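One structure below.
Sequence lines set the chain letters: A, B, ... in the order given, protein chains first and strands last, and positions in each chain run from 1. Just so we're clear, the structure is a prediction, and the values are computed from it rather than from any experiment.
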Amino acid sequence: MASANRLNPEQHQAAYCFDAPVCILAGAGTGKTKTITERIAALIQEEHVAPASILALTFTNKAAAEMRERVEHILGYQPRGLEIGTFHARVARWCRQFPEAIGRSSYFTIIDETDRNRLLKDLVKKRQVPAGLAFADIKHDIHMWQCAGLHPDDLVSHPILANQTFARTIYTDFIHALDRSNTTDFGHLLLLGQRLLATPQAALFKARIQHVVVDEYQDTSPAQTAILNQFFSHAKTIAIVGDDDQAIYGWRGAAPDTMKRFLQQHPSARLVKLETNYRSSSQILDAANDVIQVNTNRLGKSLLSNHGDGPSLQFFVADDDVHEARLLADRIHTLINQGTSSDDIAILYRKNAMSRPLETALRRARVGYQIIGGIRFFDKAIIKNILATLRLLLNPHSAIDLSRFLKAFPHGIGQKTLGQIVPTIDGDLISGFRALTSDSHPDLSPRMLKKVITFGHRLEELRRPLIEQTASLAELIQELLTRLGLLSQLELDVDRQTEREDVQDFLQLIHQYEYDCERQNTSPTLISFLEEAALLSSTDTATDATHISLMTIHAAKGLEFEHVFVIGCEEHQFPTSQAIEDAEGGDTSTLEEERRLMYVAMTRAKRHLTLSRAKRRQHHGTFRHHMPSRFLRDILVYAERQPSQTFGSSRHSLIRRRTGDRPMGRRGQSIHSPIEIEDDVDTSMFVSGDRVTHTTFGAGEVVGLRGLGSRRAALVRFDSTPTRSRTVVLAHLEPEKSSNASSVHEPQIDMSFDFGA
DNA sequence: GATGGTGCTCTTTTT
DNA sequence: GAGCACCATC
């Protein structure tokens, strides 16, 4: 039992609890992955359980891969049939086994968020939208129903608000459209899984699963819980792992009390708390606890550091977002020069848009970085077009993919004709390009009809080699892209360098996929490749040791770094405006989630945690001023209650850019020398309202800023043509001499958070 | 039907 | 700062 020796007593108790369901409350950095991998290995090795009877569900593919690897490492061999994966990936696999049980045929496809929204929008357009109802609200309602595991049929008996009836209609249309086009989206996939597990076809397979392990249980939605319950009812052992303080997916339907409810549903369950933190210094944990302790209704646990003291936390205050990015880039540049490895450094932010100034600053400082999440490779337009083409050829019923295909590769058939041949609502069983070859289109002119039919036959021709798999996948796809003319088009166009590279990367990826399949003794089919592409999460990218990592806090969940920088610690950014407004209206749940998010961010750090804020930040082209985040205050107020600690060794030292007028006054405090900023030519030079002069158009006023390809531009209303604004390149603009416009935007209130001065 | 310019609106977070 | 709808033009 060598493996068990590596566990501490609590971890051991959690891993080896086989006689009752166990709820493992695992704080950040307490070795929960280790505990569950040991558990899985122990089931196989010591309890002699068949690997195929174990189902382990994780939140990301990356977590699943890591878990599988670690289990294999402990066992020393690859267990056969072990079901490890994300909810979505497992469910998709099961559905693929019994497609007809859920009203699908083989080769059903999974559409992504963008395509789903496009479909929803189309459906909304076909109906009479009630006045005052925004698309966002409809989308939100449907999303929430899907998370709750509710099918449109369930809504008949389910209480809904009066203003939700239209959304319900659209939801019904939406499900019909998915059924008809043999597709599904992320949300519906889980409902299909739920339905599948209730069918006789799945009974055998369902009974096979006898041991269930669920990671990140605090973030499971009711739709996911419903699937779990199908196994919980007969499973011999159950282990759920999670941390209610790290529940950050409420907007995806996860209730913050999910863990608590598991305990209520399983009265015999044992609660095991893992509270020894092996990751962070006590300074970091203390500060993180200061933030999280404000929340009410926690299951309650207190993390104790096993690492002891570390350096103090650091704070930066920057003038604006660009300045903040530069300060960080400088600091990181220095760290790396001093020998810190790049993969020990991460910058975390609340939302993706915050990465832009960072990217500029890091490039300038010659610091290699990679963005985890953000725009995925598979989200790039050119790749999406190729994927849509492949999906369409595989699944001729997919109207969504047909529409995208025709936009990407014009065949003289536009959206109008498409609308006439592809019925998206009501009745018709034919859709997608199968609709093309059917000859009953009374609305079309004979000329158009001929065009459409020819086109349909062409697609059938393109389709055949893919279905019959006459050559390797990579060859087939290369051939297809050649026949569509895409490759020659890209060759000819100088401006499409990036796209050319992306397509090459894509083909390379297919090669890689075929190679991987070969190694794992599975056959590389197009459908399995597409599925992997669809379900690959944005955070699954492999990390690279020569680059620092940039990501949202959500994407950082489960990761750890020696140095963590959390930027944008400002009211209305973090916490978000929405959370602040909700709280003012009496609903503190979103604010509590923001607080947990800060807790997650802070506990990613092992030894060095730096928090920064900018006094003003560019929003949609204009600057907005922000007060320091209340979370900063929660940390610092607490620090002040500890007067015995001198600053140099205290938990909270301070680095602040000297503004020249007021160096901070505390004894022993370190103040960095002033940091020079050179002026940059970018949009932050101008803000809306600035008076400018253009080399040809003369004087005018900036009304907006925008990007124009790789160049930056401003939207200017010129005095000579006051009725319309013009987009002009920044290089042609100069601030009008007398202008004082930007100083008008100075803050009315700036607490200039003096951190205990 | 395709294309290109223009001016709105807007996202937190993602499987 | 991007995506989108809308319009004018070819």
Side-chain angles (χ1 to χ4, degrees), chain A residues 57-64 85-92 110 112-114 116-118 121 125 134-136 139-140 143 146-147 185-190 193 216 219-221 223-224 247-254 348-354 356-357 372-376 379 381 406-407 410-418 448 451 534-540 551-557 568 572-579 590 593-594 596-597 600-601 618-622 682-684 703-715 717 723-727:
Chain A
L57 293 168
T58 59
F59 209 67
T60 61
N61 291 302
K62 196 180 191 174
T86 62
F87 276 91
H88 286 84
R90 288 332 300 173
V91 167
I110 302 168
D112 70 8
E113 187 80 6
T114 324
R116 165 203 140 95
N117 288 340
R118 225 154 51 93
K121 209 165 236 175
K125 267 192 222 149
F135 177 67
K139 198 168 75 178
H140 178 257
H143 170 83
Q146 287 188 305
C147 290
D185 73 330
F186 291 136
H188 194 56
L189 183 60
L190 296 181
E216 307 280 11
D219 286 325
T220 51
S221 66
Q224 291 169 323
I248 53 175
Y249 282 92
W251 49 276
R252 227 164 72 184
L348 309 184
Y349 34 82
R350 180 64 184 86
K351 57 182 180 189
N352 282 310
M354 288 178 165
R356 198 167 295 274
I372 315 283
I375 282 218
R376 307 184 316 155
D379 285 339
L406 283 173
K407 270 188 189 150
H411 279 72
I413 297 170
Q415 295 299 303
K416 203 173 159 205
T417 316
L418 204 56
M448 200 38 121
K451 210 175 192 178
L535 295 174
L536 199 69
S537 74
S538 54
T539 51
D540 288 334
M551 68 194 99
T552 63
I553 299 165
H554 282 90
K557 191 166 88 155
H572 295 280
Q573 296 293 315
F574 192 17
T576 59
S577 303
Q578 188 63 56
T590 37
E593 184 153 310
E594 294 289 304
R596 290 191 291 269
L597 203 49
V600 169
Q618 220 164 13
H619 195 45
H620 287 142
T622 48
D682 62 27
T683 43
S684 59
V703 293
L705 293 157
R706 51 161 61 197
L708 194 74
S710 56
R711 295 185 300 175
R712 289 165 171 284
L715 200 63
R717 199 173 299 260
T723 49
R724 53 182 293 190
S725 359
R726 231 176 245 284
T727 304

Review point. So what does A/Tyr249 touch, heavy atoms closer than 4.0 Å: a base, only the sugar-phosphate, or nothing?
Key: sugar-phosphate
Study note, to complete from the structure: Comparing nearest nucleotides in DNA chain B, the 5'-proximal residue of the pair A/Glu594, A/Phe186 is A/Glu594
Revision key, fill the gap. When every non-hydrogen atom of A/Arg252 is compared with those of A/Ser221, the smallest separation belongs to O-CB, 3.7 Å
Review point. Going by 5.5 Å between centroids and 30° between planes, is there a stack of A/Trp251 over B/dT13?
Key: yes
Review point. A/Asn117 has an atom CG; how far is it from atom C1' of C/dA5, in whole Å?
Key: 16 Å
Review point. Whole-Å distance between B/dT14 C1' and A/Met551 CE?
Key: 15 Å
Review point. How close do A/Ala601 and A/Leu348 get, heavy atom to heavy atom, and via which atoms?
Key: O-CD1, 3.9 Å
Exercise for review: Quick one: label A/Thr576 by what it contacts on the DNA or RNA (base, sugar-phosphate, nothing), any heavy atom closer than 4.0 Å.
Suggested key: base
Check your understanding: Over how many whole Å does the gap from A/Glu593 atom CD to B/dT14 atom P extend?
Key -> 12 Å
Check your understanding: Heavy atoms under 4.0 Å, any strand shown: does A/Glu113 hit a base, just sugar-phosphate, or nothing?
Key -> base
Review point. Expressed in whole Å, how much space separates the P atoms belonging to C/dC4 and B/dT13?
Key: 16 Å
Review point. Rounded to whole angstroms, how far apart are CZ on A/Phe135 and C1' on C/dG3?
Key: 13 Å
Check your understanding: If only side-chain N and O atoms of A/Thr552 are considered, is one of them under 4.0 Å from the OP1 or OP2 phosphate oxygen of B/dT14?
Key -> yes
Practice item. Describe the nucleic acid contact of A/Lys139 in one word from base, sugar-phosphate, nothing, applying a heavy-atom distance below 4.0 Å. Key: nothing
Point to revise | From A/Phe59 atom CZ to A/His88 atom NE2, the distance as rounded to the nearest 0.5 Å | key: 9.5 Å
Exercise for review: Could you check how far NE2 of A/His619 sits from P of B/dC10, rounded to whole Å?
Suggested key: 11 Å
Review point. Taking only N and O in the side chain of A/Asn352, is any of them less than 4.0 Å away from OP1 or OP2 of B/dT13?
Key: yes
Point to revise | Spacing between A/His572 atom NE2 and B/dT11 atom C1', to the nearest angstrom | key: 17 Å
Study note, to complete from the structure: Taken to the nearest whole Å, CD/A/Glu216 to C1'/B/dT14 is 13 Å
**Study point:** Residue A/His554, side-chain heavy atoms: nucleotide from C/dG1, B/dT14, C/dA5 that is nearest
**Key:** B/dT14
Check your understanding: What heavy-atom pair brings A/Leu597 and A/Ile248 nearest, and what distance separates the two atoms?
Key -> CD1-CG2, 3.6 Å
Review point. Roughly, in whole Å, what's the span from CZ in A/Arg356 to C1' in C/dA2?
Key: 9 Å
Exercise for review: List in chain and number order the residues that pass ring-ring contact (aromatic ring centres under 6.0 Å, His included) with A/Tyr349, two or more places apart in sequence or in another chain; answer none if no residue qualifies.
Suggested key: none
